[in-house]
Amino acid sequence: MKKICILDYGSGNVKSVENLIKYLNYDFVISNNENDIIECTHLILPGVGSFEYAMMKINEKIPISTLKNEVLIKEKNFMGICVGMQVLAQFGYENGKFEGLGWIEGDVKKLKTQNLSLPHIGWNNCEIVKEDNIFKDLNDVRDFYFLHSYALEIKNNNEIIATTSYGTSFCSVLKKKNIYGIQFHPEKSQKAGMILINNFLNQ
Amino acid sequence: MKKRRLIPVLLLRNGWLVQSRNFRDYQNLGNPVTAVKRLSEWASDELIYLDISRDDNYDIKRSDQGYPNRKNFLDIITDVSKVTFMPITVGGKINKISDIEKRLKVGADKVAINTIAIHNPKFIQDSSKEFGSQCIVVSLDFYKFENQYFIFDNKTRKVTEINIYDFIKKVEDFGAGEIFLNSVNRDGKGNGYDIDFFNEISKKINIPIIACGGAGDWFDMYDIFDKTCVDAVAAANIFHYRDQSVFLAKKFLYEKNVNVRKPDLLMIK
């Protein structure tokens, strides 16, 4: 039986993620409680806002050792969205240097977009660099909604499964074993977002 | 490559969705949530939802519609965000930081600030610092008079002496993420976007411009995308009156090789 835990640390887009999971008819909780983290089958870490603020709130609200045990040791399915993906890095360089969760080797840096404006706001497509189940049934529609100025620069190239270009090419989907990081907002990407979330929840 | 966007605008006046003409005459279009569901199914890229009520009465005073009567604007947005899985910008009656916070909490992704931005431009700076530039859309209505463009004040319903070209630079410098520009002269007329104006203005600033006012058919949208660098086109009336409007508009643009998202129809339960 699937049970989804949307990690609650006061992120702004929890409501939208909740709306989507509810719409897709999955059993879920929004929680930062240890038992919920242990008992669920899938964990989602939403995110919007700055790296520093997200990490501060995560450290404050989420029992990190429990989460680490579930994700890194027991290899429970995990998805980080937007800043929820970025905090997986070792360090974030938005308004200073801040320590992330360090689950992925790499740092979060400002997009080098040449003359294009930041933030990168709007619908953009993903180029798949490594086939993965998360893209199942997404051959036709691979446009997603982006809203960010920073991106995770990953050291280990084979953890990158899709890239997106906006003045520069950056990692828009990462996968390391059971961990997915999604730079765009699937909860705001209509049909494509629903398919992607469904693919994740069916793993 | 990043796509150019089509954005339906919804105007809410005392609990009803309305159509407007010259910012003055309003016609009822129906239930505020049903329309959003339709626009979602036609795969709009985003929505702009503006509260233009003069007072705080949102009760539609009907129980025969099969919809709940919602007592305030935030309840309406809460319901709206349940049937739409795309970005929503919410505007109207934003005067302080906490007004923004309340709107984001119920499912808005961005807010559009208008009157306060004109009277206290520093608010643009304060709010974009607090919530991030990506969250702040400055919405300006402009009036063309003897080949000059001035900002129109919605509250006093008067044209100000503020030249829009001067003001717009300030908006960008103060950290707004996007700018939503609406022509008062063309509102509800369907005689096409003000191409010259948008061409001029999109050369002057770097942040994305959402152009509004005057769309009469899909060609008007093609025309402005073809002749200017605006990032998005917005329209109200034309998207509400035609079945599958957004889908058809997108199809028209897509077939003319405009860089928009592929047209699609979705089923929303």
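FYI, side chains are in, hydrogens and waters are out, and symmetry mates aren't considered; it's all heavy atoms of this structure. Per chain, numbering begins at 1; letters A, B, ... match sequence-line order.
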For [X], which atoms come within 4.5 Å of any heavy atom of chain B: side chain, backbone, both, or neither?
| X | result |
| --- | --- |
| Tyr166(A) | side chain |
| Glu187(A) | backbone |
| His185(A) | neither |

Worksheet item: Of Arg261(B), Lys3(B), Lys2(B), which is the lone residue that meets salt bridge (Lys or Arg N to Asp or Glu O under 4.0 Å) with Asp143(A)?
Response: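 The single option meeting the salt bridge (Lys or Arg N to Asp or Glu O under 4.0 Å) with Asp143(A) is Lys3(B).
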Residue, of [options], that accumulates the most heavy atom pairs under 4.5 Å with chain A:
| options | value |
| --- | --- |
| Lys82(B), Lys110(B), Gln134(B) | Gln134(B) |
| Pro87(B), Gly107(B), Gly177(B) | Pro87(B) |
| Asp264(B), Ile88(B), Thr78(B), Ile207(B) | Asp264(B) |

Discussion item. Apply side-chain contact (heavy atoms from CB on, under 4.5 Å) to residues Val106(B) and Lys15(A) and explain how you reach the verdict.
Written reply: CA-CA 7 Å; Val106(B) 292; Lys15(A) 186 85 202 157; over 6 Å; no
Of the backbone (N, CA, C, O) and the side chain (C-beta and beyond), which part of [X] lies under 4.5 Å from a heavy atom of chain A, both, or neither?
| X | answer |
| --- | --- |
| Glu101(B) | neither |
| Ala232(B) | neither |
| Arg5(B) | side chain |
| Leu265(B) | backbone |

Worksheet item: Does NZ or CZ of Lys188(A) come closer than 6.0 Å to the centre of the six-membered ring of Tyr145(A), within 45° of the ring's axis?
Response: no
Worksheet item: Is there side-chain contact between Lys251(B) and Phe247(B), with at least one heavy-atom pair below 4.5 Å?
Response: yes
Worksheet entry | Pair Ser31(A)-Asp36(A), side-chain donor/acceptor within less than 3.5 Å |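 Result is yes, a qualifying pair exists.
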Worksheet item: Where does the angle between the aromatic ring planes of Phe198(B) and Tyr193(B) fall among parallel (under 30°), tilted (30 to 60°) and perpendicular (over 60°)?
Response: perpendicular
Item to complete: Describe, in one word, how the ring planes of Trp218(B) and Phe239(B) are oriented to each other, choosing from parallel (under 30°), tilted (30 to 60°) and perpendicular (over 60°).
Response: parallel
Worksheet item: Is the OH atom of Tyr53(A) crowded by more than 12 outside heavy atoms at less than 6.0 Å?
Response: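 No, because the 6.0 Å sphere around OH of Tyr53(A) holds 12 heavy atoms or fewer from other groups.
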Practice prompt. Using a cut-off of under 4.5 Å on heavy-atom pairs, state which of Leu118(A), Thr164(A), Asn125(A) scores highest against chain B.
Written response: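 Top count of heavy-atom pairs under 4.5 Å with chain B: Asn125(A).
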